[in-house]
Protein chains: 2
Amino acid sequence: MDRSADPPPEARAIAELVDRLGRVVRAGEHQGGLNPAQWEALRYLARCNRFSNTPGALARYLAATKGTVSQTLNALERKGLIERRPDPASGRVVRLLLTRAGRALAAKDPLIQLATAAAGCDRRVRAAAADVLADMLAALQRANGLVPFGVCRTCRHFRPHAPNGAPHWCALLDERLSEADSRSICVEHSPLAA
Amino acid sequence: MDRSADPPPEARAIAELVDRLGRVVRAGEHQGGLNPAQWEALRYLARCNRFSNTPGALARYLAATKGTVSQTLNALERKGLIERRPDPASGRVVRLLLTRAGRALAAKDPLIQLATAAAGCDRRVRAAAADVLADMLAALQRANGLVPFGVCRTCRHFRPHAPNGAPHWCALLDERLSEADSRSICVEHSPLAA
DNA sequence: CTCCTTTGGTATCGAGTCGATACCATTAGG
DNA sequence: CCTAATGGTATCGACTCGATACCAAAGGAG
């Protein structure tokens, strides 16, 4: 890791652009009474499935410590956007639920601004860029021993059923998955391809 | 801006990936006794030209307020990484200079990890991705009334000279530019193409 | 059924970010 | 010359963030 070949210039350019874009986006995420960290937590809770709505999962998703996340959750709870509820099955797990107000605010996610900024390019170019970024994220996560996450549809444990309304299935947790579930983020996600 | 066409799904995907990548990178930027904000400032000061090494320019670059940046500079100064020096020409401008220690630390920028994560892809794909990200950044900056920044070489005021060592020229500030200058970041940057 | 370790979560501390506001110099414009 | 506008700094309050310490529930292994 010490001197192992300097990365090529376009790679450096991508790194700087990602860093810079992230910076500008964060600057724009001081809205609706939330700060960037709180938006990220709220966004996750709005997009994750019912197996992944816990403080621990959020901490892994954000690559932060449990303590940090717990504080951010305190802030969101104080603002009436989320609710902490004990898990019926396990006595130490806490389930995080969006309140009505939380759901409403999540719909006004300022990240949409970034998405519209990307909407200008050609669709195929966009898709290619998304692939590159996804690869980078995966590489970064692998290098740092982080959990990959991802939506159910792209998981190796996902078992799709007949397309006519029948529910899908998770072979790992042995649970039914609705159509919405299949597009939600899961802690247990394990990528399809090697 | 209220209901003007939801962005297409790949655009949303890119936005989420950028946000997420930025998050993971930030998490990895707690190194060398600095925090992410301090790294960003140090990085800028290591890459900007002699017209742009001021607190105000840094604030615009980071899309932050002057006050916030001033505090981060306090931290860097306390750590002996930068030096504040009055401008000889103007009595209210402060020039920011990296100390020897600052330069040494800037060479160990943790952002390199992200660059190596990007190095795995094909070179042409990388270049395309970089283009998309650059377009997004420009769009975002335009939408928020931010200064674009950029390196001299790509500026409309840049006048290259004969390639045999002769210095370049800035038509706006009427100043000589060394080869290194031409690759440095400038506040006055104005993109070439329309 | 006990120990004991692991796991999920929270509280507290200190350094620091960040926007907001207020403020002070210097400079530029009428 | 007087009045903006500009470049910087200080202070405040809410909050992030890692580190550390801590607690209770769960899971083994004997």
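Letters go in sequence order (proteins before strands), and every chain restarts at 1.
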| query | OP1, OP2 of D/dC15 versus side-chain N and O of A/Asn74: anything below 4.0 Å? | reply |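 So the side-chain polar atoms of A/Asn74 never come under 4.0 Å of the phosphate oxygens OP1 or OP2 of D/dC15.
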
| query | the helix from C/dC1-D/dG30 to C/dG30-D/dC1: angle between its terminal axes, five pairs each, to 10°? | reply |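 Comparing the axis at each end, I get an angle of 20°.
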
Output every pair passing salt bridge (charged side-chain N to carboxylate O under 4.0 Å, His left out) with a member in [range], not counting sequence neighbours, ordered by first then second residue.
range	value
residues 18-33 of chain B	A/Glu40-B/Arg23, A/Arg43-B/Asp19, B/Arg26-B/Glu40, B/Glu29-B/Arg43
residues 138-155 of chain B	B/Arg153-B/Glu179
residues 55-81 of chain B	B/Glu77-B/Arg84

| said: Can you list, in residue-number order, the parts of residues 84-96 of chain A that come under 4.0 Å of DNA chain C, counting heavy atoms only? | reply: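 Close to the strand are A/Arg84, A/Arg92, A/Val93, A/Val94.
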
| Are B/His168 and B/Cys152 side-chain neighbours, meaning at least one heavy-atom pair lies under 4.5 Å? |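 B/His168 does not reach B/Cys152 side chain to side chain.
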
| Pair listing, ring pair (Phe, Tyr, Trp, His ring centres under 6.0 Å) test, anchored in residues 96-145 of chain B, at least two apart |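 As it turns out, there is no ring pair (Phe, Tyr, Trp, His ring centres under 6.0 Å) pair with a partner in residues 96-145 of chain B once direct neighbours are skipped.
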
| message | Tell me every residue that passes side-chain contact (heavy atoms from CB on, under 4.5 Å) with B/Pro8, counting only those two or more places apart in sequence or in another chain. | response |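 Listed in chain order: A/Ala119, A/Arg126, B/Glu10, B/Ala11.
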
| A/Asp87: partners by side-chain contact (heavy atoms from CB on, under 4.5 Å), with sequence neighbours left out |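 With neighbours one apart ignored, the set is A/Ala89, A/Ser90, A/Val93, A/Arg95.
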
| query | Apart from B/Leu58 itself, what residues make up its hydrophobic cluster when side-chain heavy atoms of I, L, V, M, F, W and Y under 4.5 Å apart count as a link, directly or indirectly? | reply |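 Members other than B/Leu58 - counting any ILVMFWY side chain reachable under 4.5 Å - are B/Leu34, B/Trp39, B/Leu42, B/Tyr44, B/Leu45, B/Tyr61, B/Leu62, B/Val69, B/Leu73, B/Leu76, B/Leu81, B/Ile82, B/Val94, B/Leu96, B/Leu98, B/Leu105, B/Val147, B/Phe149, B/Val151, B/Ile185, B/Val187.
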
| query | Looking at SG of A/Cys170 and CZ of A/Arg159, how far apart are the two atoms once the value is rounded to the nearest 0.5 Å? | reply |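 Interatomic distance, A/Cys170 SG to A/Arg159 CZ, rounded to 0.5 Å: 8.5 Å.
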
| CG-CZ distance between B/Leu177 and B/Phe158, expressed to the nearest 0.5 angstrom |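 Going from the CG atom of B/Leu177 to the CZ atom of B/Phe158 covers 6.5 Å.
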
| field | Main-chain N/O of A/Phe51 paired to A/Asn49 side chain as donor or acceptor, under 3.5 Å | value |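 Yes, because the side chain of A/Asn49 sits within donor-acceptor range (under 3.5 Å) of the backbone of A/Phe51.
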
| said: Taking B/Asn35's backbone N and O only, do any of them form a donor-acceptor pair with B/Gln38's side chain (distance below 3.5 Å, no angle check)? | reply: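 Yes, B/Gln38 side chain to B/Asn35 backbone: donor-acceptor pair under 3.5 Å.
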
| said: For a quick check, with a 4.0 angstrom heavy-atom cut-off, what is the B/S/- contact string for nucleotides 15-23 of chain C, read 5' to 3'? | reply: -SBBB----

| CG of A/Leu76 versus P of C/dT10: gap in Å, rounded? |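 Result: 13 Å.
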
| request: Let me know the distance between CD of A/Glu29 and P of D/dC15, rounded to the nearest Å. | output: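 Whole-Å distance recorded here is 16 Å.
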
| said: Please list, in numerical order, the residues of residues 45-58 of chain A that have a heavy atom closer than 4.0 Å to any atom of DNA chain D. | reply: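 Output list: empty, so none.
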
| query | With A/Arg50, which residues qualify under salt bridge (charged side-chain N to carboxylate O under 4.0 Å, His left out), at least two apart? | reply |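 Partners of A/Arg50 by the salt bridge (charged side-chain N to carboxylate O under 4.0 Å, His left out) criterion, ordered by chain and then number, come out as A/Glu175, A/Asp181.
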
